[in-house]
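Heads up: the structure comes next, in structure tokens.
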Amino acid sequence: MRAAIVFNPVKVSEEDLRKAVDHTLGSKADEASVDYRETGEKDFGVTAFEESIKAEPDVIIVAGGDGTVRLGADMVSKTEIPLGIVPAGTGNLLARNLSLPLALRDAVRVALTGDNRSIDMGELILTREDGTEEREAFTVLAGFGLDAGMIAMTDDDMKKKVGWVAYVGGFFRAFSSIKRIEIRGQVDEADERELTANTVLIGNAGMLPGNVRVFPDAKIDDGLLDYALVDPKDSLEWVLVVHEMVSNNDPLQRELRDRSILPGRKRIPQLAFKQGKQFTLKLDEAIELQIDGDSVGEITGLRASVLPSALTVRAPR
């Protein structure tokens with residue numbers, strides 16, 4: 001076996017990774033070739049991934065937070081090499097949606113010996129306030145409004161201490177400042193529509209920390225993106241939105257609806273879902289965007305496209 005491991009030393013140590021690799025390989029450890037490369041402070045790991053790809057190993061493993069995983073997924077997706085994921089962050093969004101173990105030793109085992117699975121990725125073309133465009137990739141979720149505000153207003157020190165629970169404080173801080181914005185939106189080839197919303201989410205998968213399912217019908221390998229428009233106008237309508245989200249997250253209710261024992265979900269006008277291969281949004285004002293849990297600055301528009309079966313990942317057998 002030839003493996004390359006790109007890791008963020010702030011999130012996980014090389015020593016711990018080596019111990020986990022040796023534990024998985026056991027007596028075959030001496031026969032394996034495993035290269036360890038740290039992500040750099042200046043390029044966030046671009047050079048480390050480039051060198052790993054150039055070596056053409058059997059698997060490239062990324063160990064770090066959501067930002068490092070997103071970068072690795074984007075770069076490795078342009079190759080035929082499978083990507084193993086060792087989650088070591090706060091959200092661990094892609095790992096959760098792939099049902100990967102979060103414990104280091106178990107995650108390394110799956111990354112080295114798991115089955116290969118093809119998944120979709122999302123691609124964003126962002127329009128900045130000065131009219132310039134930038135490309136970004138995402139694996140799970142992008143959005144603006146309440147979610148982006150929550151991430152921007154969550155204290156980094158609290159995330160280190162209590163993990164994803166720290167986002168609760170950010171949520172309430174963002175909630176008090178959220179506002180409705182004017183949007184012109186288009187799904188695939190449909191006509192452009194004028195909309196208002198507090199929050200817009202575009203997802204490749206549906207699961208967030210705390211087993212919160214944002215998109216009830218999202219699948220990470222269905223060749224589609226999911227789009228949610230959230231537009232409550234007052235506190236009462238926010239209660240309706242929260243109730244709808246909670247019912248989406250109840251596994252018993254989902255099972256009973258799937259078996260037609262309970263009626264299907266009643267759609268509420270404050271929460272709209274769509275699926276498609278491409279979404280185009282134009283905003284009347286600049287607003288903060290988050291991608292896979294990282295704030296990426298303000299935008300005035302975006303075009304989101306699905307990249308079907310773009311990435312091969314190691315998944316549990």
Subject >> Leu98 and Arg117, any side-chain heavy atoms less than 4.5 Å apart >> reply: yes
Subject >> Under-4.0 Å salt bridge between Arg135 and Asp74 >> reply: yes
Original post:
From Phe138 CZ over to Asn204 CG, what is the distance, rounded to the nearest 0.5 angstrom?
Top reply: 6.0 Å
Original post:
Any side-chain heavy-atom pair from Ile181 and Ile287 closer than 4.5 angstrom?
Top reply: yes
Original post:
Do Pro101 and Val110 have side chains that get closer than 4.5 Å, going by heavy atoms?
Top reply: yes
Original post:
Which residue pairs satisfy the side-chain hydrogen bond (donor to acceptor under 3.5 Å, both in side chains) criterion with at least one member in residues 23-34, sequence neighbours excluded?
Top reply: His23-Arg105
Original post:
Does a salt bridge link Asp231 with Arg180, judged by any charged N lying under 4.0 Å from a carboxylate O?
Top reply: yes
**OP:** Any pair with a residue in residues 47-58 that passes salt bridge (charged side-chain N to carboxylate O under 4.0 Å, His left out), sequence neighbours left out, goes on the list, sorted by first then second residue, please.
**Re:** Arg37-Glu51
Subject >> Salt bridge Glu123-Arg303, side-chain N to carboxylate O under 4.0 Å >> reply: no
Original post:
Any side-chain heavy atom of Leu141 sitting closer than 4.5 Å to one from Gln290?
Top reply: yes
Subject >> Partner of Glu136 under side chain to side chain contact (heavy atoms under 4.5 Å, CB included), chosen from Leu126, Asp294, Asp292, Leu302 >> reply: Leu126
Original post:
Can you find a heavy atom in the side chain of Gln278 that is under 4.5 Å from one in the side chain of Asp188?
Top reply: yes
**OP:** Supply the atom-to-atom distance Ile60 CD1 to Phe49 CZ, rounded to the nearest 0.5 angstrom.
**Re:** 7.5 Å
Original post:
Are Asp284 and Arg184 side-chain neighbours, meaning at least one heavy-atom pair lies under 4.5 Å?
Top reply: yes
Original post:
Would you call Ser295 and Glu288 a side-chain contact if the rule is heavy atoms closer than 4.5 Å?
Top reply: yes
**OP:** Would you confirm whether Asn92, through its side chain, and Gly89, through its main-chain N or O, come within 3.5 Å as a donor-acceptor pair?
**Re:** yes
